[in-house]
Amino acid sequence: EAWDHYTRARELFRQATRQANQEAQMLLRRAIDLDPNFARAHATLAATYRRGWVWGWSDNPDDAEQRAVATGQKAVELDRLLPQAHKELASIYVYQRRHDEAIDEALKAVELDRKSLSVNGDTATLRADVTVVYVDKRGAPEVIFVGILADAEELKRRYDVEPASF
């Protein structure tokens, strides 16, 4: 039954509407009530909180942000080998501008599953809203930036490069 709640919630999450996001949260909480160790459900619930916080759907953005972090961290604690958990935590850290932690989590996701990245040249997409800039050294990506590529000044400052050079 927990799996059923989870799969229904994933479908709702993909709709990317406020109402669907709220319904997905409800289903995911039920899944977690049924199986408190269900790491995928925790990771997806963290994604719904992130979306509510970042997209302005939450009535209490600070609470949604805190829930996103705590739930994302819980997902990683439950299953350190789940790329989805690391990808979600990387996304959350990006929006908090915790770039070093975002890089660490993104790299863990890629180490666990090379398909975690959709590659385009020297940049890759970890999620629709998170870009990874990396250098490919002998077939092994070395992540040097994870963030919203619009954060060009941050990229320039941190790595003394022009974003266009990527």
Side-chain angles (χ1 to χ4, degrees), residues 1-119 123-132 134 141 143 145-151 154:
E1 193 175 354
W3 183 259
D4 181 54
H5 289 315
Y6 168 75
T7 56
R8 289 174 35 217
R10 291 289 302 166
E11 289 304 314
L12 286 165
F13 182 75
R14 287 185 185 107
Q15 291 177 20
T17 67
R18 183 180 190 160
Q19 179 67 33
N21 199 60
Q22 291 171 340
E23 291 174 25
Q25 285 178 358
M26 187 175 59
L27 288 168
L28 290 162
R29 284 189 207 106
R30 285 186 197 152
I32 291 167
D33 285 343
L34 291 166
D35 182 356
N37 296 319
F38 194 174
R40 288 176 191 268
H42 283 276
T44 304
L45 183 58
T48 67
Y49 290 137
R50 173 185 46 82
R51 190 173 274 178
W53 155 50
V54 173
W55 291 11
W57 292 344
S58 175
D59 294 332
N60 186 339
D62 292 337
D63 181 61
E65 178 182 1
Q66 290 172 4
R67 286 176 185 245
V69 172
T71 311
Q73 290 171 340
K74 179 70 174 178
V76 169
E77 288 172 22
L78 289 170
D79 188 348
R80 296 193 182 284
L81 300 179
L82 181 63
Q84 175 190 359
H86 292 285
K87 286 172 27 174
E88 186 52 44
L89 202 48
S91 296
I92 292 164
Y93 288 156
V94 163
Y95 283 102
Q96 291 185 312
R97 303 215 186 289
R98 294 165 62 177
H99 295 286
D100 290 337
E101 291 164 286
I103 288 170
D104 290 344
E105 292 301 327
L107 191 54
K108 288 172 190 169
V110 173
E111 287 170 355
L112 291 167
D113 181 7
R114 293 283 296 218
K115 292 182 250 174
S116 292
L117 292 175
S118 173
V119 179
T123 64
T125 302
L126 183 67
R127 289 208 176 280
D129 54 353
V130 177
T131 299
V132 176
Y134 71 96
V143 177
F145 177 78
V146 177
I148 304 162
L149 204 54
D151 292 343
E154 174 70 6

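From a predicted model like this one, the values you see are computed outputs, not experimental measurements.
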* If you measure only the distance, is there a donor-acceptor pair under 3.5 Å linking the side chains of Thr71 and Glu88? -> no
Closest heavy-atom pair, Ala2 versus Asp35, reported as atoms and distance to 0.1 Å, is CB-CB, 4.1 Å
Pair Gln73-Glu77, side-chain donor/acceptor within less than 3.5 Å: no
(request) Test salt bridge (charged side-chain N to carboxylate O under 4.0 Å, His left out) on Asp79 and Lys108 and set out the steps. (result) CA-CA 12 Å; Asp79 188 348; Lys108 288 172 190 169; over 6 Å; no
Pro36 and Leu78 have their tightest heavy-atom pair at O-CD1, 3.7 Å
Discussion item. Does the structure place the NZ or CZ of Arg50 under 6.0 Å from the centre of the six-membered ring of Tyr95, at an angle of no more than 45° from the ring's axis?
Written reply: no
Residues at least two apart in sequence or cross-chain that pass salt bridge (Lys or Arg N to Asp or Glu O under 4.0 Å) with Arg80, listed by chain then number, are none
Correct closest heavy-atom pair for Glu105 and Val76 would be OE1-CG2, 4.2 Å
ask   = Can you check whether Gln66 reaches Tyr49 side chain to side chain, under 4.5 Å on heavy atoms?
value = no
| Is the closest side-chain heavy-atom distance between Gln25 and Arg29 below 4.5 Å? | yes
Practice problem: Apply the test salt bridge (charged side-chain N to carboxylate O under 4.0 Å, His left out) to residues Arg8 and Asp4: give CA-CA distance (whole Å), side-chain angles for both, the deciding distance (0.1 Å), then the verdict. | Solution: CA-CA 6 Å; Arg8 289 174 35 217; Asp4 181 54; 3.3 Å; yes
To the nearest 0.5 Å, atom CG of Asn37 lies from atom NE2 of His42 at 7.0 Å
Quiz prompt | Expected output: side-chain His86 to main-chain Asp104 donor-acceptor under 3.5 Å | solution = no
Main-chain N/O of Leu45 paired to Thr48 side chain as donor or acceptor, under 3.5 Å: yes
What one should report as the nearest heavy-atom pair of Arg18 and Trp57 is NH2-O, 2.6 Å
Heavy-atom closest pair (Tyr6 atom, Ala31 atom, distance to 0.1 Å) is N-CB, 4.3 Å
Between the CZ atom in Arg40 and the CD atom in Gln84, the distance rounded to the nearest 0.5 Å is 6.0 Å
For Leu28 and Ala9 the tightest heavy-atom approach is CG-CB, 3.5 Å
